[in-house]
Amino acid sequence: MTVRCRFAPAPSGSLHVGNVRSALFSWLWARHNDGVFILRVEDTDASRVTEEAFRGVLDDLRWLGLEWDEGPEVGGSHGPYRQSERGEIYREKLAELLAGGHAYRCYCTEAELEERNEAARGRGEAPGYDGHCRDLTDDQRAAYEAEGRPPVVRFRMADTEQVVDDLVKGRVRWAPGELRDFVLARADGSPVFLLAVAVDDLLMEVTHVVRGDDLLASAPRNARVIEALGGTAPVYAHVPQVLGPDRRPLSKRHGSTSVRSFREMGYLPEALVNYLALLGWSPGDDREVLSVAEMIDAFDLARVSSNPAAFDTEKLTWLNNRYIQSLADDDLAARCVHFLVEAGVGVEPDVLRHAMPLVKERMKTLTEAVELLRFLFSDDIAPNEKAAGILAKAPPGYLKEAAEALDASPAWDTETIAATLDGLGAGAGLNRTKAWQPIRAAVTGSNVSPPLPESLALLGKERTVERIRAAAG
RNA sequence: GCCCCCAUCGUCUAGCGGCCCAGGACAUCGCCCUUUCAAGGCGGAAGCACGGGUUCGAAUCCCGUUGGGGGCACCA
């Protein structure tokens, strides 16, 4: 049987990394089994959903490389894939459940429900729907109808022990009566999540549901609805929440947690995917840096950890640098362009490409290309505080001398420049650090830069000499 | 309140009864390399929440305690 996994986000603009991890595990499982990955958008709450928020989610997934086989924009034989377009289907299935006696109309008002809940609490009993309208007689029903009470539709939950064999949590049980009859459709007839998910998973022939463990208790409800509709429930895998550094569930409160924000901070999708895969899963050996192919090959839902993991930006950053180092110069340069342009630095593609070997091991994020390489593309290199200090401490006449020596250089390659610089230092009785730092400060405006001879070679003789002369005053 | 989930270095994890006086990675500390900053190499410190069992033997199994988290909606 073909494995069919799905990811069903609400369109939020940009996915947060916790959701993405669920999506990733679902996707990896589909790919591992040569199965199908479905994207379904849970936009039933149409009032809050904008087209922009919808697009944001698709963009995030594509950027991460989590391509879907069925879903919005790619189609598929089980559509439509937006819940907002499936109203008719839900109405149909709701009628089916009602007709089969698996669901019933409940006339209790919210006030009545609340009142009885309070009373239950007062008696030390568990709150929750008490089954008031479960077995109304025709007369009672008629009386409520006559009152004009708008009914909701509730699912008749089996009064037996409920068991879910979860791929990551193991066997989980709920005592009889623990899971109450829940609402499938609101008084206005609109479907709620519990109906929509069950119907969609059934009709889309989903075999494995991978999602956050905050939904663990809805698994038996989903399963019973699917069965009431004549289907077979999928296998569930509830992955733990992703925690923030304070060990509380990740939320907006933690600042930048959306895919978009990591993208804007200069993280590579490869690094984010690799990092997220390692959050709660490991291949079982000591590998940490894994290609997508290796992840697909090694992935197993049964190996996903059942305890919650905290998101650690430092390790993500380390991985990011590893991936930056591994990229080809062309590729890296292309990815840096956006950030340089964004910062107002106009780039020369050829120079940029040749600068990559100089910066790839010192860039933790792509945004750092800006500070590292600005001096190559802009002549506005006013020295920062430390650079100014270095310049002030340079021996009198040293910079002028350096400018002349470099200007007189017969060739302009790394070796020649290094030799010239060394000759200069020797003449002034300075070691390399003392001899080179003033040059660095004069040319880059900073005390920190890529390797000096290579930088000067890229900058060109004219601009180098000009800047040193300017600094010499 | 009731129910459910979870518990190995600061963090992510390996470990599924003897291979473990617990292995790897990030972070951290020290040394090396070194033109700055990085990167890299080598080394160190750091953990089985607690208490009972079971067993010849427990990080691994069972029970309890404690501590986190989630659920108990006409939200998803």
Side-chain angles (χ1 to χ4, degrees), chain A residues 8-10 42 44-45 48 83 106 108-110 113-114 117 120-129 150-154 164 166 168-170 172-175 178-180 182-194 196-197 212-218 238 240-241 243 245 247-249 275 278-289 303 305-319 321-322 325 358-364 368 372 386-387 390 418 421-422 425 431-437 439-441 444 446-453 455:
Chain A
E42 312 223 318
T44 38
D45 196 352
R48 281 201 309 227
Q83 290 189 335
C106 169
C108 300
T109 64
E110 287 187 64
L113 254 19
E114 187 48 42
N117 263 341
R121 261 188 268 265
R123 293 192 301 272
E125 291 166 15
Y129 185 65
V152 299
V153 176
R154 283 183 189 275
V164 170
D166 191 273
V168 347
K169 299 287 183 184
V172 185
R173 311 153 178 276
W174 287 265
E178 186 70 35
L179 269 14
R180 310 297 179 87
F182 52 92
V183 173
L184 292 172
R186 304 183 181 92
D188 66 3
S190 62
V192 306
F193 165 79
L194 257 3
V197 180
D213 70 0
D214 49 327
L215 261 19
L216 182 57
S218 58
H238 288 89
Q241 308 282 80
L243 272 26
R247 301 211 64 88
R248 303 198 60 87
Y275 176 71
L278 257 26
L279 207 57
W281 174 77
S282 86
D285 49 41
D286 285 341
R287 287 179 295 166
E288 299 257 338
V289 182
R303 280 194 59 82
S305 171
S306 55
N307 58 310
F311 192 88
D312 178 12
T313 310
E314 301 219 62
K315 185 153 184 176
L316 201 214
T317 303
W318 169 78
L319 259 176
N321 174 258
R322 291 291 301 252
Q325 289 195 53
L358 310 187
V359 296
K360 56 168 57 166
E361 71 265 23
R362 38 205 116 214
M363 262 198 292
K364 293 190 184 306
E368 292 175 8
L372 250 15
K386 289 200 170 143
I390 290 167
L421 254 26
D422 279 340
N431 63 22
R432 271 192 165 179
T433 302
K434 297 258 191 225
W436 293 26
Q437 278 301 81
I439 310 293
R440 187 189 310 280
T444 70
S446 170
N447 55 312
V448 175
S449 85
L452 195 57
S455 296

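Order of the sequence lines fixes the chain letters, A, B, ..., with proteins taken first and strands second; residue numbering starts at 1 for each chain. The model shown is predicted, which means the values in this text are computed figures rather than measured ones.
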Scan A:Arg173 against the nucleic acid and name what it touches under 4.0 Å (heavy atoms): base, sugar-phosphate only, or nothing.
-> sugar-phosphate
Do A:Glu288 and A:Lys315 meet the salt-bridge criterion of a basic N to acidic O distance under 4.0 Å?
-> yes
Does A:Arg287 pair with A:Asp285 as a salt bridge, N-O distance under 4.0 Å?
-> yes
Checking all strands, does A:Arg287 fall into the base, sugar-phosphate, or nothing category for heavy-atom contacts under 4.0 angstrom?
-> nothing
Who pairs with B:C33 - Watson-Crick or G-U, where each distance is under 3.5 Å = none
Residue met sooner reading RNA chain B from 5', once A:Thr433 and A:Arg322 are mapped to nucleotides | A:Thr433
Any A:Trp436 side-chain N or O less than 4.0 Å from OP1/OP2 of B:U35 = no
Take the protein atom CD1 of A:Ile390 and the nucleotide atom P of B:C37, then report the distance between them rounded to whole Å.
-> 10 Å
Taking any strand in view, what nucleotide pairs with B:A25 in a Watson-Crick or G-U wobble way, both distances under 3.5 Å?
-> B:U11
More 5' along RNA chain B: A:Leu279 or A:Ala10, using each one's nearest nucleotide?
-> A:Leu279
Taking CZ from A:Arg180 and P from B:C72, how many angstroms apart are they, rounded to a whole number?
-> 12 Å
Letter by letter from the 5' end, nucleotides 42-47 of chain B scores (B base, S sugar-phosphate only, - none; protein heavy atoms under 4.0 Å) ------
Taking the P atom of each, how far is B:U13 from B:C72, in whole Å?
-> 26 Å
Are A:Arg154 and B:C74 close enough that a side-chain N or O sits under 4.0 Å from OP1 or OP2?
-> yes
